[in-house]
Structure formats: structure tokens, C-alpha cells
Amino acid sequence: MRATRSGDGNLININTEGFIMSDLTRSAAWQALQTHQATIGKQTLREMFRSDPARFDKFSLRLDGLLLDYSKNLVTAETLDLLLKLARQARLEEWVARMYDGEKINGSEGRAVLHTALRAPRGSRITVDGRDVVPDVHRVLDQMRRFSDGVRDGSLRGHTGKPFRDVVNIGIGGSALGPLMVSEALKPYGSAQLAVHFVSNVDATDLAETTKRLDPETTLFIVSSKTFTTQETLANARSARAWLVDRLKSEEAVASHFAAISTNFGATSQFGIAPDNVFEFWDWVGGRYSVWSSIGLPVALYIGMDNFEQFLAGAHAMDRHFREAPLERNLPAIMGMLGIWYADFFGAASNAILPYDQYLQYFPAYLQQLEMESNGKRVNREGQEVDYATQMVVWGEPGTDGQHSFYQLIHQGTRLIPADFLAPVISHNPMGEHHAMLLANCFAQTEALMLGKTGGEARAELAAQGLGGEALEALLPYKVFPGNRPTNTLLFERLDPRTLGMLVALYEHKVFVQGVVLDINSFDQWGVELGKQLAGKLLPELQGKQPLSSHDASTNGLIKHYLAVSGK
Ligand code: G6Q
């Protein structure tokens, strides 16, 4: 084994056969899992359930109203033991403590990672650089309460004295997806007097279509941007401001119709937002982990601060569980390790998120950012290129719609796609047999994915339909389902604010587990930063303000085509 640098400047270890190997893949725990996979790979879930009737009891966990059934996974007690050995080898429990204690574990940005402090109860103590941040958190929560109460009860009004009826959040990425997903998920708790809208895309269509039906006199804009330098958000904010000033014929109207959420106070005041309407958060809150901070203001306005605090309390309950429960009974640890099991030992490239709850329609999109932006990395914490798979692609849609489109591939495609099924036991909309039908679909799918349909079963089914001989044999291969497709099922009593807080925190911590074990920094996002630089560089050329510089032939060709067709 020798250490050297690759052409990209990454440190790499090379084994005696010339293959690059990291400490992780050389480690005893990793190697043991690799050996074990060869035996598990030969077993089927069907057999595992047949030989162990207590499998559900062994491989399910409960926390408050939440049930995680992970028994339909390609695991035995030995697999879990080996997976948790890997987690312990990575010192997971120490890392959890380091995160909760405010250590600067986001190495490449030199920052603490303290979304857990955002839901810490009043009176607890968490320090960053010697400063207790909990009083700061609660000061901003109190400010959010005053503001959201005022808007909701009509004491805070627009420039012409009318109460607000619409809130438009202008922000993108971490400053949009969280509040959007949560507002949709908690619609049953939403105000009937106030609607929330989300504008994120710099495509003017987003803002134009949103403002089309809005009355400027009753519209409140919230500009959400941690840095307050994000091009898309500032462009949308400027255009929204122009729309308001033009319609109300008053520059002063901006003071009562605009609020901002940012860590950059200089920039918010430069934009003209009244200091009382600026809500702070801190650099130890990552964008995709920020829905618990003032970034959640649109949610608080919509569902009220009491409900928002229930959302925080649910997350705090999960924080405590994550920190205190032994790994064997720890939901985020188990879910995180199962993900690594499939990504790294079965070569699974994607992970489907399938909520059987219409209110969770944006949950897959939210997790896409949370997981892929956090762990979609290719070098470890020491700057070495990794020799193992990191984040799987996350995707999904609410059931049962997905069943009528892409489930085909999960059942019969050539790829192994582990999937999470999420469903409420009690619906917010009890209507006839709908909910029983919904859950029947959910349970039937995980069962079918697990069992599959053998050649013998398919043959018997075709025979029962009156088919035989060559016609039956010709159809048979298409009717066989290999099964053995792993799934988790998360059942919760009802999708209320507390439960949603628990669910989101569960996935946040799952991401953390995977980051620690895979030895990557889950809290930076240089790929996103790159996008921010690139568009800024190219814009003057599209505006014809700068001569076309030397891009590659394709990019030059596209720019020239745009300039020619648009007549710029
Ligand atoms: C999140 C990312 C990214 C970020 C947006 C918006 O973790 O860093 O999605 O939230 O780029 O950034 P601002 O909030 O700074 O506008």
C-alpha cells in the first residue's frame, strides 16, 4: 500500500495490485460485509419470512406514533450486526455527539452543523465558539410568533390598510423546498384566510403566473436567502418589488409588504427591507437543513406558530432518539445503514421514496435535495477520492399514481431499487373506502415486491385462465416477477405537525449516518456553488454586454444561436 496524489490533487491509496483502496474499503468491517453479501445474495426474502415467523417483530421499530417495518429488507440478524459494526468502526456515536455539541464538523467550510439547536427547547444550552445559541434561536422564534400572529389576526396589514391574504416566498433550493414541502404536507392545519405561494425559478413564468391572480394590496412577499446574493432570488425579489410599487404607486409600500430571512443583514437593508421585518438565522444552519429556522416563516404564517412549534417538537423527539437510542434500536442508524448496504454491497444506484399520502407530494423532491446535495460527493473528509459508492439517486412520486407508471421497472426491471413506502394510518379526509383502498395498495405493493411471482405460480395462474401449451409457455417469462425487492415501510398515525417533524428529522439523521460511515462531509455543496458562479460569468455575454469569450464550440454555438434568434 502506498499513498500518492492523483492528477486532480486528491490523495489516494494504491494496493499491491495497483488498485486504489481507501481505509474504509480495506477495513475489517467492510470486508466482512462483502463476504457476507455473497451468502445473503443467494437467499430470498420469501425464504427468510418462511423460516422465521418472528421476522416482523425482530425487524421493526416503534417511536411514538411511528412504526418502521424494515423486515422486507435483504438482511438477517447477522447482516445488521455487521452493518452496525461498520457504523461503530466509523465512530458514529462520537460523531453524533460532536454534531450536537456544536463542533465545526463541516470541515471544508469551517462551520458547526446545528439544525438540532433550532428545535432545542428553551433553557437548553448549546455553544458555538463559546456562545450559547439557544437564546438566539428562541429570540427569532419569538419574533416569528409576533409577526405571524400579527399577520394572521390582521393587526399587521398592508400599505393600504387591508389584511394580508397571500404570502409569496421568494427563495430557491434550501430556502424554498422545505417551506414548500411542509406547507403542502400540513395543509389541513393551514389558514383558510391566507394562501402561501412559492416562487423559486428565475424563469419569469414562475413569478408572472404566481402574481397574475394576486392583489398587491393584500400580498406579503418574503425574500428568503441565507446569503442574499443568490442571483435567481434577487432577480425575482427585484421584479416582485417593481410589481408592487407599480401597482400600489408607492415606494413606501415596500416596507410593509416585504420581509426577509437571511444571515446577511447588510444586503437586506440595501434591498430596502425594514429592519423589523428581517428574520435572522446563522451560518451553522445549512440551507437544506433550514426549514426549522426563520426559513420556516411562511409555514408559521400558514399553520400558525403553535403548530410550527409542534413541528419543531417532533424533530426534537427524533433528535433525542437519535442521540440516546442504542444503534440496534435507532431508526436513523438502521435506515442509514440499510441504504449503505444496498448502495455499496448490491450496487443499487437509486432509492425510491413512495408516499401513500397526497399531502406528502413534495416529500420526494425535498429528500432529493437533502440526500443528494448532502452526500453526493466523491472525495472523503481527508480529500481522498473514494473507491465506493456514495449517495444513491433519490426519486419518487406519491402512490398510487406511481403504480400506474414507473413501478413496472421496480417490479421487473434489471435494477435493484430499494424503496421507502410512507403512509398514515388515519386520513385527514375520511371519505368512503378511499383510505382503505390506498393502504391496500401500499401493503400489496411491498408484499408483491418482496414475494414476486415464481414460474410455477405464473404458470398456474395462466392455466386457470384457460391458457395451455405453447401459448402459455410463450407468455410465461413475461408473467414472472423475481421479487426480492427490498422495501421499508414507515407508518404513522396521522400526518400532523409533530409527526412531520419526526419524519423529516429521521431522514436528516439518516443522511448524517451515511455521511459519517462513508467518511464524507455532508454539509458542504461545492457543486451548487459552481452553478452560482457559472451563470454569473456567462450572463453578460448573453446580454451582449461582453464579446463572446472563448467557450468550447458547443457553448459558443448555443450562445450565437440564442443571440441570432432573439435578435440581441
Ligand atoms: C442548500 C444549498 C442551496 C441553497 C440555495 C439558496 O443547502 O446550499 O440549495 O439553499 O442555493 O441559497 P441562499 O439561501 O443563500 O439564497
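Heavy atoms only: backbone and side chains are in, while hydrogens, waters and symmetry mates are out. Whatever order the structure lists them in is the order used to number ligands and atoms, beginning at 1.
- Nearest protein heavy-atom neighbour of atom 5 (C) of ligand 1: Ile172 O, 3.5 Å.
- For Phe147 and Phe279, the ring centers are positioned less than 6.0 Å apart.
- At the top of the distance list for atom 15 (O) of ligand 1, counting protein heavy atoms only, stands Thr227 OG1, 2.6 Å.
- For ligand 1 and Gly287, the ligand atoms under 4.0 Å from any heavy atom of the residue are 1 (C), 7 (O), 10 (O).
- Contacts between Arg288 and ligand 1, counted as non-hydrogen atom pairs separated by less than 4.0 Å, involve both the backbone and the side chain.
- Short contacts between ligand 1 and Thr230, defined as distances under 4.0 Å to a heavy atom of the residue, involve ligand atoms 12 (O), 13 (P), 15 (O), 16 (O).
- With respect to His197, the side chain to side chain contact (heavy atoms under 4.5 Å, CB included) criterion is satisfied by exactly one of Val167, Asn169, Leu214, Thr211: Leu214.
- The residue from Glu373, Glu529, Gln231 that puts a heavy atom closest to atom 1 (C) of ligand 1 is Glu373.
- Counting only heavy atoms from C-beta outward, the side chains of Phe308 and Tyr302 never approach each other to under 4.5 Å.
- The residue among Lys532, Gln369, Glu232, Lys226 with a heavy atom at the shortest distance from atom 12 (O) of ligand 1 is Lys532.
- The heavy atom nearest to atom 4 (C) of ligand 1, considering only Gly171, Gly174, Gly527, is found in Gly174.
- Comment: Asp524 engages Lys377 in a salt bridge, judged by a side-chain N to carboxylate O separation of less than 4.0 angstrom.
- Distance check: Asn488 CG to Leu354 CG gives 11.0 Å after rounding to the nearest 0.5 Å.
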